[in-house]
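Sequential numbering from 1 along the given sequence is applied to the chain's residues.
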Amino acid sequence: FAKKVTFSFRVVCFPLPWQCFRALCCKGPPPPRPEYDLVCIGLTGSGKTSLLSQLCSESPENIVSTTGFSIKAVPFQNAILNVKELGGADNIRKYWSRYYQGSQGVIFVLDSASSEDDLETARNELHSALQHPQLCTLPFLILANHQDKPAARSVQEV
């Protein structure tokens, strides 16, 4: 009832023993992922902090609006996004441009369920950012947040 089992091994070795050992046991650290610097802007209450918390797999509990700015590293499989989130209060928006330098992209978050006045303010801020010399050539992602609210506008309306 016994079967004969034959094993076949193929040994590939390098000229020096340490090269063989390194190839088999020590592949070394994975190559570093590229990092990209983004700026995230939008009016207060648009959902910038919630968005970044979700992307970082943080608990949605106890989210507080950003006063000033915060920086979060958002890891993805092939890259890391270093996102500067800038507070959206009226007295802070005038300082946004001081944080644009070095950005490689822009995330603009707006509350699609906000009042007409707030939507108009967001529109003006977006146009200002699109025309800013440090941002005008960068890719923009515009997120119409709060689509789950009854008063939310459609993408076409926004």
**Q** Filter on side-chain hydrogen bond (donor to acceptor under 3.5 Å, both in side chains), then keep only pairs touching residues 136-146, sequence neighbours left out; what's left?
**A**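 Applying side-chain hydrogen bond (donor to acceptor under 3.5 Å, both in side chains) to every pair that reaches into residues 136-146, excluding sequence neighbours, yields D111-H146.
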**Q** In Å and rounded to the nearest 0.5 Å, what is the CG to CG distance from L143 to L110?
**A**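 Reported value, rounded in 0.5 Å steps: 8.0 Å.
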**Q** Going by the rule side-chain hydrogen bond (donor to acceptor under 3.5 Å, both in side chains), which residues pair with R33 if we only count those two or more places apart in sequence or in a different chain?
**A**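 In terms of side-chain hydrogen bond (donor to acceptor under 3.5 Å, both in side chains), with neighbours along the sequence ignored, R33 is linked to no residue.
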**Q** What's in the same ILVMFWY side-chain cluster as V64, cut-off under 4.5 Å, chained through other members?
**A**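 Members besides V64: none; it forms no cluster.
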**Q** Run the side chain to side chain contact (heavy atoms under 4.5 Å, CB included) test against T49 and tell me which residues pass, sequence neighbours left out.
**A**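 S53, I63, T66, E85.
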**Q** Do any side-chain atoms of residues 35-43 form donor-acceptor pairs under 3.5 angstrom with protein atoms, and if so which ones, sequence neighbours left out?
**A**
residue, atom, partner, partner atom, Å
E35, OE1, N82, ND2, 2.8
D37, OD1, N82, ND2, 3.4

**Q** Check whether more than 12 heavy atoms from other residues, nucleotides or ligands sit under 6.0 Å from atom CD of Q54, and answer yes or no.
**A**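 Incorrect, the count does not exceed 12.
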**Q** Which residues pass the side chain to side chain contact (heavy atoms under 4.5 Å, CB included) test with Y95, not counting sequence neighbours?
**A**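 Once residues adjacent in sequence are excluded, the partners of Y95 under the side chain to side chain contact (heavy atoms under 4.5 Å, CB included) criterion are R98.
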**Q** Please list, chain by chain and in numerical order, all residues satisfying side-chain hydrogen bond (donor to acceptor under 3.5 Å, both in side chains) with E116, sequence neighbours excluded.
**A**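 If we apply the side-chain hydrogen bond (donor to acceptor under 3.5 Å, both in side chains) test to E116, skipping adjacent residues, the hits are R153.
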**Q** Grab the two heavy atoms, one from G88 and one from T44, that are nearest each other, plus how far apart they are.
**A**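 In this case the closest contact between G88 and T44 is C-OG1, 3.0 Å.
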**Q** Go through the structure and list residues passing side chain to side chain contact (heavy atoms under 4.5 Å, CB included) with S57, not counting sequence neighbours.
**A**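 Listed in chain order: nothing, the list is empty.
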**Q** Could you go through F140 and L126, starting from their C-alpha distance and side-chain angles, then the distance that decides it, and tell me whether this counts as side-chain contact (heavy atoms from CB on, under 4.5 Å)?
**A** CA-CA 10 Å; F140 271 73; L126 174 61; 4.1 Å; yes
**Q** Tell me which pairs pass ring pair (Phe, Tyr, Trp, His ring centres under 6.0 Å) where either residue lies in residues 50-73, with sequence neighbours left out.
**A**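 Listed once each, the pairs are F69-Y99.
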**Q** Report the residues that fulfil side-chain hydrogen bond (donor to acceptor under 3.5 Å, both in side chains) with Q101, sequence neighbours left out, ordered by chain and then residue number.
**A**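 Applying side-chain hydrogen bond (donor to acceptor under 3.5 Å, both in side chains) to Q101 gives none.
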**Q** Excluding sequence neighbours, so at least two apart, what forms side-chain hydrogen bond (donor to acceptor under 3.5 Å, both in side chains) with K84?
**A**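 By the side-chain hydrogen bond (donor to acceptor under 3.5 Å, both in side chains) rule, K84 matches no residue at all.
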**Q** Show every side-chain hydrogen bond (donor to acceptor under 3.5 Å, both in side chains) that has at least one partner inside residues 124-135, sequence neighbours left out.
**A**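 Counting only pairs at least two positions apart or across chains, the side-chain hydrogen bond (donor to acceptor under 3.5 Å, both in side chains) contacts touching residues 124-135 are R93-E125.
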